[in-house]
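Comments concern the structure below.
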Amino acid sequence: TELGNGCTWMCVRAAEILASQVGNSVCIVDCNLSSPSLHRQFGVENHYGLSDALVGDGPIRQFAQQLSRQNLWLVSCGAANGDSQQLLASGRMRARISELRAEFDYVLLDVAPMNTSNHTMMFGSLLDGVVLVIKANTTRRDSAREAVQQLRASNVRVLGVVMNQRTFPIPESIYKRL
């Protein structure tokens, strides 16, 4: 919901775990064109990806790169484009999401935080649902509730909420036994 909550990190881990548990294809897409970072998480270059797919032709798989697992694919954000917000709001983006869903068995989108863009609402209705990532001791309860209400008002299915960066201190009496 907010910048710095670890959504990208969580999305990467979810994609990696999913790919390790299923034999089907998993594709993770960097839809955060204003602040792309998925390519860094995987240690690959960001030179050809989603923004290129939105202005170019060719099958979507041509814009995806296979990662370390045979069934794990990445569509990075691609070349910088001044009209990135326009591209994401276009009918072309809707068509590319449909193409991704037809080409890959599982598609995970990493989008900009809800407090900086409305992409979660735009894309959420085209997908099976959305998982919110909130940060322990930082995200306000009211902000999280408001985000869920906005998603539901936009007919976006909320699959769940992940609380990231939660620490569980070990009581001293148990710690001494370790």
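Side-chain contact between Val44 and Ser76 is absent, with no heavy-atom pair separated by less than 4.5 Å. In this structure, the side chains of Asn24 and Tyr106 come closer than 4.5 Å at one or more pairs of heavy atoms. Looking at heavy atoms from C-beta onward, Leu72 lies in side-chain contact with Val26 at the 4.5 angstrom threshold. With a 4.5 Å cut-off on side-chain heavy atoms, Gln65 and Trp73 do not count as touching. A 4.5 Å side-chain heavy-atom check between Val162 and Ile134 finds every atom pair outside the cut-off. Side-chain contact between Phe104 and Val107 is present, with heavy atoms from C-beta onward closer than 4.5 Å. By the 4.5 Å heavy-atom criterion applied to side chains, Asn46 and Cys77 are counted as neighbours.
We find the CG-CD distance between Leu67 and Gln41 to be 12.0 Å, quoted to the nearest 0.5 Å. A distance of 11.5 Å separates CG of Leu108 from CG of Leu74, quoted to the nearest 0.5 Å. Note: Glu16 CD to Leu18 CG = 11.0 Å, rounded to the nearest 0.5 Å. How far NZ of Lys135 is from CE of Met163: 12.5 Å, rounded to the nearest 0.5 Å. Leu109 CG to Leu50 CG: the interatomic distance, rounded to the nearest 0.5 Å, is 8.5 Å. Annotation: the span from Leu88 atom CG to Arg94 atom CZ amounts to 11.0 Å, rounded to 0.5 Å.
The ring pair (Phe, Tyr, Trp, His ring centres under 6.0 Å) test applied to Tyr48 returns Phe63, not counting sequence neighbours.
Inspection of the Gln70 and Gln66 side chains reveals no N or O donor paired with an N or O acceptor under 3.5 Å. A side-chain donor from one of Thr8 and Asp110 sits under 3.5 Å from a side-chain acceptor of the other.
The two residues Ala147 and Leu132 make their nearest non-hydrogen contact at CB-CD1, 4.1 Å. Gly49 and Val75 make their closest contact through C-CG1, 4.0 Å (heavy atoms, listed as atom of the first residue, atom of the second, distance). Ala53 and Ile60 get closest at one heavy-atom pair: CB-CD1, 3.9 Å. Between Leu54 and Arg96, the closest heavy-atom pair is CD2-CG, 3.9 Å.
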Next on the checklist: I'd like to know whether Ile28 forms a side-chain contact (heavy atoms from CB on, under 4.5 Å) with Leu38, so could you lay out the CA-CA distance, the side-chain angles of the two residues, the decisive distance to 0.1 Å, and finally the verdict.
Outcome noted: CA-CA 8 Å; Ile28 184 169; Leu38 277 179; 3.7 Å; yes

Next on the checklist: The test is salt bridge (Lys or Arg N to Asp or Glu O under 4.0 Å); show your working for Asp128 and Arg101 and say whether it passes.
Outcome noted: CA-CA 10 Å; Asp128 294 329; Arg101 291 184 60 135; 3.1 Å; yes

Item to check | Chi angles and distances behind the side-chain hydrogen bond (donor to acceptor under 3.5 Å, both in side chains) call for Asn71, Ser25 | outcome: CA-CA 5 Å; Asn71 63 334; Ser25 59; over 6 Å; no

